[in-house]
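Everything below concerns the one structure shown next.
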Amino acid sequence: ASSEPMENYMDTSYYGTISIGTPAQDFTVIFDTGSSNLWVPSVYCTSSACSNHKRFNPSESSTYVGTNETVYIAYGTGSMSGILGYDTVTVSSIAVQNQIFGLSETEPGSFFYYCPFDGILGLAFPSISSSGATPVFDNMMDQDLVPLDLFSVYLSKNGESGSFVLFGGIDSSYTTNGIYWIPLSAETYWQITMDKVTLGEKSVGCYLTCQAIVDTGTSLLAVPQGTYDRIIRDLGVNSDGEISCDDISSLPDITFHIHDHTFSLSGSAYVLEEDGSCSLGIQSLGTPTELGEQWILGDVFIREYYVIFDRSNNKVGLSPLS
Amino acid sequence: AVHRVPLKKGKTLRKQLKDHGLLEDFLKKHPYNPASKYNPVLSAS
């Protein structure tokens, strides 16, 4: 069964369009480097929650092949369930043949009605794909649809346009400040090892190295609870994360020490402004588990670096954007 | 042969729920746990 905890996508705001089937049926999806499955709503979902979304209709696609396998998508106390099927998935002008994906059939909750996206396209590794479903990018590589086994992501800082995912290449106009290559520590998520993290000159966490996941499907910077407590204390921020917009310019940088390089976020990068009020773009990830201290480098981080996800060398490339 | 997919920055689900006065109720029913995405087994337990 597939498990996609959808409450994690509450703050995600970058969406793209794909199409499935012949003729094409369009869907708005999150390109999520923090998961590996593709799913969209289907016409089998008749609840009002699905009525606000594009729904895939298998009977209108000449290339669809159904299965009897089920898929289960959990979000907090609710869930979606459905079936797995195969069809042509078109991303930009790349037509991926026989791509497996989830078609949701039931949606017992109501919040999906308000979801600004229809589905999720996972770009992480097959090892974490539910139901053993081959991820879209793996099929792109297997079917020789991309010239290089990598994709790259640019998220524009404030504008509503200009962001993109580039499949099969690197846009050199975004790498003029050089590319720093970091080896992956696991082929599951896009996971790397960090050596330490500092706020200004002071260490705030990751004292004995830690793991970080580069995740386009998470909006904020997610940090261990202890680090979060230290950051809001040192910055003098309320526990609800609200901060005066006037203070942004005086905030210290957060610096990630990774593979002999430093990658910094200024206050203007990690404070988010909306409707004239400002809040910290950092959230707590809870207490460290037996998996160790985990950090998530979400859109707050990715907006500052052009990120290259290199499957052929199992590396992440970071190019500072300013 | 390089393929670019433009991404648009839109409203978040949080903003949509807030605009409809549903955010508080949603967060009560669905405690927000960002870790659950990465450790589904641990979060479930």
Side-chain angles (χ1 to χ4, degrees), chain A residues 3-5 7-18 31 34-35 74-78 91-94 110-111 114-117 145-148 153 155-156 159-169 171 189 213 215 217-220 222 274 283-286 289-291 294 296, chain B:
Chain A
S3 180
E4 288 280 356
E7 71 266 32
N8 288 297
Y9 297 98
M10 278 193 72
D11 297 297
T12 310
S13 57
Y14 293 93
Y15 310 111
T17 303
I18 63 165
F31 286 88
S35 68
Y75 59 93
T77 55
V91 182
S92 182
S93 52
I94 310 173
S110 58
F111 98 98
Y114 297 100
C115 263
F117 53 89
L145 301 174
V146 281
L148 296 172
V153 175
L155 301 183
S156 66
E160 294 192 350
S161 62
S163 308
F164 62 82
V165 183
L166 193 64
F167 289 96
D171 187 332
Y189 301 99
I213 293 169
D215 185 2
T218 288
S219 178
L220 307 184
E274 188 178 31
Q283 65 187 155
S284 168
L285 202 53
T289 66
E290 61 253 45
L291 295 176
Q294 193 82 55
I296 310 298
Chain B
V2 175
H3 306 268
R4 189 181 306 254
V5 180
L7 302 178
K8 64 178 181 184
K9 194 165 187 286
K11 259 188 187 179
T12 64
L13 173 59
R14 183 186 297 275
K15 182 86 169 81
Q16 295 266 56
L17 292 171
K18 194 175 176 183
D19 289 349
H20 290 87
L22 298 168
L23 181 60
E24 201 173 323
D25 184 54
F26 173 80
L27 290 174
K28 271 184 198 162
K29 291 177 182 165
H30 305 267
Y32 186 62
N33 176 13
S36 63
K37 181 177 180 182
Y38 312 98
N39 305 318
V41 176
L42 291 173
S43 328
S45 64

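So that the names make sense, note that chain A is the first sequence line, chain B the second, and so on, each numbered from 1.
- Under the side chain to side chain contact (heavy atoms under 4.5 Å, CB included) rule, A:Tyr114 has a single partner from B:Lys11, B:Gln16, B:Lys15, B:Arg14, which is B:Gln16.
- Residue A:Ile18: no heavy atom, backbone or side chain, is found under 4.5 Å from chain B.
- The two atoms that bring A:Ser284 and B:Pro34 nearest to each other are O-CG, 3.4 Å, heavy atoms only.
- A cation-pi geometry, defined here as NZ or CZ lying under 6.0 Å from the six-membered ring centre and within 45° of its normal, does not hold between B:Lys8 and A:Tyr15.
- Looking at B:Arg4 and A:Asp171, their side chains come closer than 4.5 Å, going by heavy atoms from C-beta outward.
- Here A:Ser13 is the residue among A:Ser92, A:Gly34, A:Gly217, A:Ser13 with the most heavy-atom pairs under 4.5 Å with chain B.
- Proximity to chain B is limited to the side chain of A:Phe31, based on heavy atoms less than 4.5 angstrom apart.
- Taking A:Ser219, A:Gly168, A:Pro147 one by one and counting their heavy-atom pairs under 4.5 Å with chain B, the maximum is reached by A:Pro147.
- A:Ser93 touches chain B through backbone and side chain together, each having a heavy atom under 4.5 Å away.
- Counting only heavy atoms from C-beta outward, the side chains of B:Leu13 and A:Pro116 approach each other to under 4.5 Å.
- Residue contact with chain B, scored on non-hydrogen atoms closer than 4.5 Å, involves the backbone of A:Thr17 exclusively.
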After noting the C-alpha distance and the side-chain angles of A:Phe167 and B:Val2, does the key distance pass the side-chain contact (heavy atoms from CB on, under 4.5 Å) rule? CA-CA 6 Å; A:Phe167 289 96; B:Val2 175; over 6 Å; no
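- The part of A:Ile213 that comes within reach of chain B is its side chain, from C-beta onward, which places non-hydrogen atoms under 4.5 angstrom from that chain.
- With a 4.5 angstrom heavy-atom cutoff, A:Ile296 touches chain B only via side-chain atoms.
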side-chain contact (heavy atoms from CB on, under 4.5 Å) between B:Lys37 and A:Asp215, worked out: CA-CA 11 Å; B:Lys37 181 177 180 182; A:Asp215 185 2; 2.9 Å; yes
Kindly indicate, with the supporting measurements, whether the criterion side-chain contact (heavy atoms from CB on, under 4.5 Å) is fulfilled by B:Thr12 and A:Met10. CA-CA 6 Å; B:Thr12 64; A:Met10 278 193 72; over 6 Å; no
